[in-house]
Amino acid sequence: MEKTEIKQVLDWTSSKLVRGNPGDFIGSISTDSRHIKPGDFFVPLRGPNFNGHHFIEEAVKRGAAGFVAEEGYSSNRPEKCLILSAADNLIFLHDLARHYLKYINPVVIGITGSVGKTTTKNMLVSILGRKYPIGFTPKNFNNDIGVPKAILDLKLGTKYFIAEIAMRQKGQIRQLSEIIHPDIGVITAVGESHLEFFSSMEEIANTKAEIAEYISEKGGVLFLNHDNQWTPHIKDLVCCRIKEFGGDPSLDYNFRNPKADCRGRFSFDFFYREQKVTSVNMNIAGYHHIYNACAAAGVSHHLGLAPSVIREGLSQASLEHDRMQVMQKGSILIINDCYNANPLSVSFALESLKQIADANQSRSVAVLADMLELGPDSARLHYQMGEKAAQAGIDLLITFGHWSAYFNDGYKGRSVHFESKQDCLDNIGKLLKDGDVVLVKGSRANRMEDIINQI
């Protein structure tokens with residue numbers, strides 16, 4: 001955060017000065033007492049299982065120059081320390097970030113979707129960062145704490161801010177969009193994720209579409225995946241300008257002539273309508289990532305980036321750890337996609353497994369664990385993904401966990417199910433053969449990297 005006068009912070013956040021000089025400055029913000037650096041301003045937050053106010057004294061001992069406390073906080077208040085008071089510290093953080101972003105005044109790009117958010121963000125970072133000073137939400141810091149903290153790290157002169165926006169409940173996209181006020185939005189795809197918190201797929205699509213409310217206010221553009229089944233529904237809901245991307249040559253931004261190597265990395269031609277812009281060679285496995293690349297390339301072309309910059313940025317973009325990483329381990333080729341799982345991402349991963357196995361003339365093996373947060377539809381969706389594995393022609397299915405038994409029911413082919421991960425760890429070596437291509441995927445709580453370590 002650039003040095004900002006206390007009186008400006010008070011105005012932006014409607015907070016009150018308890019102790020200190022309104023002419024002094026705040027220069028950096030921290031919400032974690034364990035990572036306080038000398039001079040930081042501490043914003044203690046509350047959660048279901050924690051209260052940051054309990055760590056105010058620790059933060060001051062570590063060198064915090066001051067803190068904001070919610071009204072009613074009555075513990076010992078360190079002397080010679082800036083103190084502000086707010087009704088709600090999370091709202092304080094949101095207000096501070098929203099106004100600070102307006103002060104920095106970059107072009108803001110918001111990215112949401114059930115799959116592909118982080119990858120599309122990383123691709124845009126790789127393209128735009130080649131030419132301009134940019135800021136972005138790091139890793140998957142995409143919630144109501146991570147997004148504001150990323151904003152408060154921006155510096156004057158930032159040309160673009162790229163924000164990944166997550167969703168686990170109704171209104172969350174609207175809340176984060178209100179903070180960032182995007183000029184450009186991307187909805188990568190809508191699928192069955194977090195259904196535990198929604199009543200229907202339509203409700204998920206409606207929530208994703210909340211990003212358009214703020215794009216419309218700024219006369220911006222929303223990029224939509226034409227080939228996703230929920231795009232027509234979203235188009236009917238929103239009133240902002242829309243550009244579509246996908247495999248249809250009639251679209252604003254489209255890809256043609258996709259070809260893959262033996263590790264599932266695709267090349268393709270990128271078009272703006274009927275005009276070829278550039279050819280792209282991705283360093284990322286998976287046909288589905290062509291859509292993420294097309295979205296990132298479309299946004300970049302819309303912003304005026306040169307074809308050579310788009311091509312170089314996409315060719316050098318990388319995935320976050322544990323996402324579609326193809327690695328050799330002894331005689332076995334592993335597709336490490338164990339960061340998380342929902343039906344759409346599992347479907348994409350199974351397609352990639354089959355494509356890579358066929359390219360290597362190898363046996364395809366899927367090691368899958370429970371997809372979580374799917375609510376009452378859990379059994380049905382696991383069963384359908386088992387059917388998907390059979391349709392894709394996967395040779396062997398290995399699963400563990402409660403819901404994953406339904407994978408096997410839907411698969412109806414050669415499969416092995418274990419009740420626990422430990423059982424799977426103890427036996428997986430006996431099930432694999434030299435030369436296999438093995439997909440490892442499951443929701444984050446399953447810690448599927450343990451399976452990879454065992455292979």
Side-chain angles (χ1 to χ4, degrees), residues 1-104 135-156 158 161 163-164 166 168 175-176 179-180 320-321 444 447:
M1 184 176 178
E2 300 283 356
K3 292 179 68 174
T4 305
E5 276 193 292
I6 302 301
K7 60 184 178 183
Q8 183 69 81
V9 173
L10 296 172
D11 182 53
W12 284 350
T13 62
S14 300
S15 55
K16 299 174 183 177
L17 182 65
V18 176
R19 180 193 297 148
N21 182 350
D24 286 343
F25 292 84
I26 289 176
S28 55
I29 301 291
S30 177
T31 60
D32 191 334
S33 62
R34 298 167 296 181
H35 299 148
I36 289 285
K37 299 185 297 292
D40 283 352
F41 183 80
F42 181 46
V43 182
L45 301 173
R46 298 178 186 267
N49 303 308
F50 66 91
N51 183 350
H53 289 75
H54 297 158
F55 305 100
I56 287 176
E57 291 183 29
E58 177 188 339
V60 173
K61 288 177 182 177
R62 289 177 178 266
F67 60 90
V68 58
E70 292 180 355
E71 295 167 2
Y73 168 74
S74 59
S75 297
N76 294 331
R77 292 183 169 180
E79 296 180 4
K80 299 180 181 180
C81 186
L82 169 66
I83 303 176
L84 305 186
S85 175
D88 184 304
N89 277 2
L90 184 59
I91 293 175
F92 172 93
L93 184 69
H94 290 180
D95 289 342
L96 182 62
R98 182 172 65 253
H99 286 282
Y100 182 71
L101 186 60
K102 290 179 182 177
Y103 169 67
I104 298 297
F136 56 92
T137 50
K139 299 181 181 178
N140 64 328
F141 292 0
N142 52 22
N143 60 15
D144 57 353
I145 298 174
V147 171
K149 288 175 68 175
I151 291 171
L152 294 171
D153 282 338
L154 298 178
K155 301 297 181 185
L156 281 171
T158 299
F161 175 60
E164 178 183 339
R168 293 191 72 197
Q175 178 191 49
L176 293 173
I179 295 171
I180 68 170
E320 296 288 345
H321 190 59
R444 190 72 209 103
R447 297 185 60 84

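Positions are given from 1 along the sequence.
Within a 6.0 Å radius of NZ in Lys3, no more than 12 heavy atoms belonging to other residues, nucleotides or ligands are found. Residue Phe50 qualifies as enclosed at atom CZ: its count of foreign heavy atoms under 6.0 Å is above 12. Atom CZ of Arg444 is surrounded by more than 12 heavy atoms from other residues, nucleotides or ligands within 6.0 Å.
Without hydrogens or angle criteria, Asn89 side chain to Phe92 main chain gives no donor-acceptor distance under 3.5 Å.
Considering every non-hydrogen atom in both Cys81 and Ala64, the closest pair reads SG-O, 4.4 Å. Among all heavy-atom pairs drawn from Gly39 and Ala65, the shortest one is O-CB, 3.7 Å. Minimum interatomic distance between Arg62 and Arg34 (heavy atoms only, all atoms of both residues): NH1-O, 3.6 Å. Scanning all heavy atoms of the two residues, the minimum distance from Pro148 to Leu93 falls at CB-CG, 3.9 Å. Considering all non-hydrogen atoms of both residues, Ala97 and Ile151 come closest at O-CG2, 3.3 Å. When every heavy atom of Glu2 is checked against every heavy atom of Ile104, the shortest pair comes out as CG-CD1, 4.4 Å.
Looking at Leu101 and Leu154, their side chains come closer than 4.5 Å, going by heavy atoms from C-beta outward. In this structure the side chain of His321 never reaches within 4.5 angstrom of the side chain of Lys139, judged on heavy atoms. Ile145 places a side-chain heavy atom less than 4.5 Å from the side chain of Leu90. Side-chain atoms of Ile6 and Phe25, non-hydrogen and from C-beta on, never get closer than 4.5 Å to each other. For the pair Val18/Leu84, no side-chain contact is recorded, criterion being any heavy-atom separation below 4.5 Å from C-beta on. Counting heavy atoms from C-beta outward, Ile179 and Asp144 have side chains that stay 4.5 Å or more apart. Phe55 places none of its side-chain heavy atoms less than 4.5 Å from the side chain of Pro44.
Interatomic distance, NE2 of His54 versus OH of Tyr73, reported as 9.0 Å (0.5 Å rounding). With values rounded to the nearest 0.5 angstrom, Phe42 atom CZ is found 13.0 Å from Ile83 atom CD1. Separation of atoms CG (Asp153) and CZ (Phe161) is listed at 9.0 Å; rounding is to 0.5 Å. Atom CD1 in Ile180 sits 12.5 Å away from atom CZ in Arg98 (nearest 0.5 Å). In this structure, CD in Glu70 is found 12.5 Å from OG in Ser15, a value given to the nearest 0.5 Å. With rounding to the nearest 0.5 Å, the separation of CG in Asp32 from CG in Leu45 is 10.0 Å.
The pair Lys61-Glu57 does not meet the salt-bridge criterion, since no charged nitrogen lies less than 4.0 angstrom from a carboxylate oxygen.
Residue Leu82 is tested with Ile26, Val68, Asp24 for a side chain to side chain contact (heavy atoms under 4.5 Å, CB included); the sole match is Ile26. Here the rule is side chain to side chain contact (heavy atoms under 4.5 Å, CB included) with Ser30, and of Asp40, Leu152, Val43 only Asp40 fits it.
In this structure, the side-chain contact (heavy atoms from CB on, under 4.5 Å) partners of Thr4, at least two apart in sequence or on a different chain, are Met1, Gln8, Val9, Trp12, Tyr100. With sequence neighbours left out, Asn142 forms a side-chain contact (heavy atoms from CB on, under 4.5 Å) with Lys117, Asn140, Glu164, Ala166.
Looking only at atom types and distance, the side chain of Lys149 has a donor-acceptor partner in the side chain of Thr31 under 3.5 Å away.
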